[in-house]
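Report on the following structure.
Throughout, a chain's letter reflects where its sequence line sits, starting with A, and its residues are numbered from 1.
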Amino acid sequence: MPVCVLSEGAGPGAQVPAHLTRIPIPHITISTDCSNKTVKGKVVRKGRLVSSVFDEVTLKAVIQEEDSQPSSSSQNLSISAVLFGALAKDFNKAVNEGDVVVASGFTVEKSGSVHEDRLHPCKLLLSGDDACFYVSRPPPPPDPGSRSAKGRSTAHTAEDSTKAKVPKYTYVGLDELEPGSVVNVYGVVVFFKQPFKSRGTDFCSILKITDKSNQKIGCTIFRQNLEDHPKIFQIGDIVRMHRVKAQFFNNAITLVNTFGFSVVTFDGVVGNAVEPRTSSRSFHFDQDDHRIVEELRSWAADGQTILPPTSTIPLSAVQPRAYFDLTCQLLSKAPIDTTCTLLKVWDGTRCPQTMLDVIVEPNVTEGPTSFSKEKEKLIANVLVYDNHVHVAGQLKPGDFLRIFNLRAILGSSQVPGLTSSQSEATDHLALHLHGGTAYGRGIRVLPENSPDVQKLKRTLDALSENNVDEFCELNDSELLRISITLPNSMELNGEAVKCSTERRCLHDVQPVNLAKVKQSDPGRIHHVRVQLRSYEPSRLYQSLKLYCSKCTLMEEIPDDELIAALFSDASKDSGPCSPPPWSLSGQVSVPGEAQGSANRALTVYMSSQLLSEGKFKDLLFLMGSTLEEMCRLATGYQNIVPVRPAGGQLTLLDLSAPFLFRGRRRYYGCKRCSEASVKELSAKGVEAIDQKVVAEALGIQLLQFVLLMKLELQDESDTLDVLLWRDAEKFFGVTADDVAADQEAQSVIHRTMDTLCPPEGSAADRPWLDLCLQSYRAEDNKGRNRTCYQIVHTSVTKPASTPPDPGPT
DNA sequence: GGTTAGGATTCG
């Protein structure tokens, strides 16, 4: 018998033949002599029985070393095992996830999937008469909470025997619900609706759950706050609900939340991390919960009950007229009318049908308004209607979404905003999210750590490395026309530190020389080992730019002379000015520049709302100051917005000047994309007023600080000019925001460049650098298409640190 | 400790 179940409670090994010796899983290598050896570990993953082309069934499992020594490596503790034939069938029947097994009679082979699953580099193969598993089954868990013999088979308990104060929860099987009782339950989700606004005061979630009893129980959750609702992403998710009331409706038991209700949701996929999804700060979660989740996962996976199939498909599989769910990233959104919003999304795959082009009003798009041609082909237009418009209003470009029950519609002639020429384009496709919640229609933002989002991000990352994206369409000759001064000059702080770089990517490509890189087609990733021959700009502060993520315009940072002139112009404006109704005006005294010189009183405006909350320092509108005075005042107030009177009204300064001063930091707005005006800032629900909050309130499209440099690389074969910008922050280990305001961050860049390319040094003094390069096609400033290169996924390994103490002088 | 909803499409 290839699978032996040992007696309950007896540790495995008790009946394992004595002549076998155990080998720890981390010690297994491709050259291990497997005769008379065993491995012991917990089954952490059990796959399904699969029939191969030769009619032999196989089953994959993952076994994890349990008794690892503290000194042993934490890596390679889990190994894949592939079982064949009768052994696979017996194992499938007799072994569950969580069981501890001893395997013997195996052979070892190289695993082909190390990079995907991060398991042991080897795998175990078990087939034929020699292969055998010994299984020990732990005794069944105590079950004091269940009231009936029948319950014993379905109820789960979670209790802590060591601490009496820890609440003990008893979970009731879905076949034991008594009308009127308040219970705690676990269940696998077979149907769900995202929360929707009820006619009452609450949001309402509708779900249907099942468990090993195979009962399907409808649940209705009313909660005012969306965060208190179950965070369900897909059918098969597992929910744990505390304090739900069973009641009869339409001859069936349903569950409704009662006082003290709470819910936690788990991913239902066997092998995924058991991470509770909840907004609750404190919730009970212990080993038993972990076990129950794993049990429900395995039960759902083994197919004894049939869960509805998932309807999530990629854009490439979209069929006209079909309903489906889509996991995607939001790129931009734009209102079409009061009942319809356009979402531009992508998932890295290409829909076979041409997308209907939806025309939107100018300046209403949130996010980029245009994309590279390559990217455009991958973008889908989703029109969401009615109740979903409100949900769409909360979404931000960049969010990862799952949209439930989308419908693909071909050649619809009624799409709002459609051009007349397109109404004949019957082969063009649009995706509609119709109004209502039927079939779970809705939108959900997925968290970044969810496995589906991780997968999507990998797809999208791989794509941007192989294609031109809009970031690449910059004009690097701009580098030569820079003339700016920063508030603080960057200081050179000498002392070469031995410094090199490290690639942080996972590309499986061999390093090549620069001559080879130049010969290759664009759109590739290259690894190179090179020296830095020269770089631009030589004045490093000039590498800092302002970038608009909406219109992708790159701008220089205006110099202090220009800003001072704008302040001076603004302070010349005078005349009566009626303060906005929401504001209170006052005077602020600016200390004189030199000691003994008179203080100057300047007019300020504050929000009366903020003032009443005692937050008068949080936001100030300042009129008539010089740049210098503004800088001095900015040290004492969190946010200062310079304003001037124009036509009797308060207005902002020209957007060439910073619209906001926060301490030493200055923030700029995009002249193209902003519709700036002085407005009241609502601090409701805002934790802290920062540049984003102020920009949004004033209608300003905030510009980002970015770093841009051109590096001349060299190896034995050739030289090559490359850009450093998309991953420049990663490269230097500092943020561009910090570089704009912080001398230490500027010094990091300075020291790093001095180390990579010593000012007076010869080639021998320049360290060799391991770089990951991306090549792409882009237009230069004369409109010619050429191949460009940029450094990506690379970090300086020893960020230039504070130079060593020179010692006593 | 009240009310809401109680799955079930196609409109634009």
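Electrostatic pairing of A:R291 and A:E295 counts as a salt bridge here, judged by a charged N lying under 4.0 Å from a carboxylate O.
Contacts of A:D202 with the nucleic acid, taken as non-hydrogen atoms under 4.0 Å apart, include base atoms. Here A:Q224 lies out of heavy-atom contact (under 4.0 Å) with every strand. If you check every strand for non-hydrogen atoms under 4.0 Å, A:R321 touches nothing. Using a 4.0 Å heavy-atom distance criterion, A:R199 is classed as a sugar-phosphate-only contact.
The ring pair (Phe, Tyr, Trp, His ring centres under 6.0 Å) test with A:H242 is passed by exactly one of A:Y169, A:F261, A:F283: A:Y169.
Nucleotide B:dA5 holds its P atom 18 Å from the CD atom of A:Q194, rounded to whole Å. Whole-Å rounding puts the A:D337 CG to B:dG12 P distance at 13 Å. Distance CZ (A:F249) to P (B:dT4): 12 Å, rounded to an integer number of Å. One atom, CG of A:N257, and another, P of B:dG2, lie 11 Å apart when rounded to the nearest Å. Atom CG of A:N387 is separated from atom C1' of B:dA5 by 15 Å (rounded to the nearest Å). In this structure, NE2 of A:H229 is placed 13 Å from P of B:dA5, rounded to the nearest angstrom. Rounded to a whole Å, the NE2 atom of A:H434 is 15 Å from the C1' atom of B:dA8. Straight-line distance from the CZ atom of A:F324 to the C1' atom of B:dT10: 14 Å, rounded to whole Å.
The nearest heavy atom of DNA chain B to A:F259 and to A:K197 marks one nucleotide each, and the one closer to the 5' end goes with A:F259. Both A:G435 and A:F203 sit near DNA chain B, but only A:F203 has its closest nucleotide nearer the 5' end.
Counting heavy atoms from C-beta outward, A:F196 and A:S205 have side chains that stay 4.5 Å or more apart.
A:S213 approaches A:D175 most closely through the heavy-atom pair CB-CG, 3.4 Å. The nearest pair of heavy atoms linking A:S198 to A:D202 is OG-O, 2.7 Å.
Closest contact between the side chain of A:T339 and the listed nucleotides B:dG7, B:dG12, B:dT9 involves B:dG12. Distance from the side chain of A:F191 is smallest for B:dG7 among the nucleotides B:dG7, B:dA5, B:dG6. The side chain of A:Y439 lies closest to B:dA8, out of B:dA8, B:dA5, B:dT10.
For the P atoms, the distance linking B:dG7 with B:dC11 amounts to 23 Å, nearest Å. The separation of B:dT10 from B:dG6, taken at their C1' atoms, amounts to 23 Å, rounded to a whole angstrom. Distance check on atom P: B:dG1 versus B:dA5 gives 22 Å, rounded to whole Å.
A donor-acceptor contact closer than 3.5 angstrom links the side chains of A:D325 and A:S311.
A donor and an acceptor atom never sit less than 3.5 Å apart when one is taken from the side chain of A:K193 and the other from the base of B:dG7. The base of B:dG12 sits within donor-acceptor range of the side chain of A:D386, with an N or O pair under 3.5 Å.
Taking a centre distance below 5.5 Å and an interplanar angle below 30 degrees as the stacking criterion, A:F222 stacks against the six-membered base ring of B:dT4. By the criterion of a centre-to-centre distance under 5.5 Å and near-parallel planes under 30°, the ring of A:Y385 forms a stack with the base of B:dG12.
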